[in-house]
K.L.:
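Below you'll find the structure I mean.
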Amino acid sequence: IGAAIQEHAEAARFSVVVAVGALSGAIGYQVLVESDPRVIAIVQSIAAGALLVVVVNEMVPIAVRGVQRWAGVLAAAGFVFSAILTWASS
C-alpha cells in the first residue's frame, strides 16, 4: 500500500508541474507576443540553456552507463549534426 501511495503522490506532483508549466507558457506568450525579436531571441537562448542543463544533468549520466567514454563524443556529434541541419535548411 505504501508504494501505491508514493506512486499516486508522484503522479500528483507531476500533474502540478505540467499545469504550472502550461500556465506559465500561456502567460509568457501573452506577455511576449508583441515583443522585439531580439528580446524573444534572448528568452529562447535562456530556454535552450535550461534544456541543455536538463540533458547534461539527467540524460547524459544514463547514456554514459551504456557507452562509457564515447558519450561525450556522441553528444557533441549530435549537436554538430543538429547545427548542420539548421544551416542546411536556411
K.L.:
Against Q44, only a single residue in I42, I40, I46 fulfils side chain to side chain contact (heavy atoms under 4.5 Å, CB included); can you say which?
P.N.:
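Testing each of I42, I40, I46 against Q44, the sole residue satisfying side chain to side chain contact (heavy atoms under 4.5 Å, CB included) is I40.
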K.L.:
With sequence neighbours left out, which residue pairs that include part of residues 80-90 fulfil the salt bridge (Lys or Arg N to Asp or Glu O under 4.0 Å) condition?
P.N.:
none
K.L.:
Quick check: does any side chain N or O of S45 sit under 3.5 Å from a backbone N or O of A41, one acting as donor and the other as acceptor?
P.N.:
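Yes: the side chain of S45 pairs with the backbone of A41.
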K.L.:
Excluding sequence neighbours, so at least two apart, what forms side-chain contact (heavy atoms from CB on, under 4.5 Å) with L32?
P.N.:
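Per chain and number, L32 pairs via side-chain contact (heavy atoms from CB on, under 4.5 Å) with S35, V39, V43.
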K.L.:
Going by side-chain contact (heavy atoms from CB on, under 4.5 Å), name the residues that satisfy it together with V17, two or more places apart in sequence or in a different chain.
P.N.:
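Per chain and number, V17 pairs via side-chain contact (heavy atoms from CB on, under 4.5 Å) with no residue.
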K.L.:
Scan for salt bridge (Lys or Arg N to Asp or Glu O under 4.0 Å) pairs involving residues 32-46, sequence neighbours excluded, and state none if there are none.
P.N.:
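Residue pairs passing salt bridge (Lys or Arg N to Asp or Glu O under 4.0 Å), neighbours aside: D36-R38.
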K.L.:
What pairs with R13 under side chain to side chain donor-acceptor pair (under 3.5 Å), at least two apart in sequence or on another chain?
P.N.:
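So R13 forms no side chain to side chain donor-acceptor pair (under 3.5 Å) with any residue.
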K.L.:
Kindly give the cluster partners of L52, where membership spreads through any ILVMFWY side chain lying under 4.5 Å from a current member.
P.N.:
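Once heavy-atom contacts under 4.5 Å are chained together, L52 belongs with F79.
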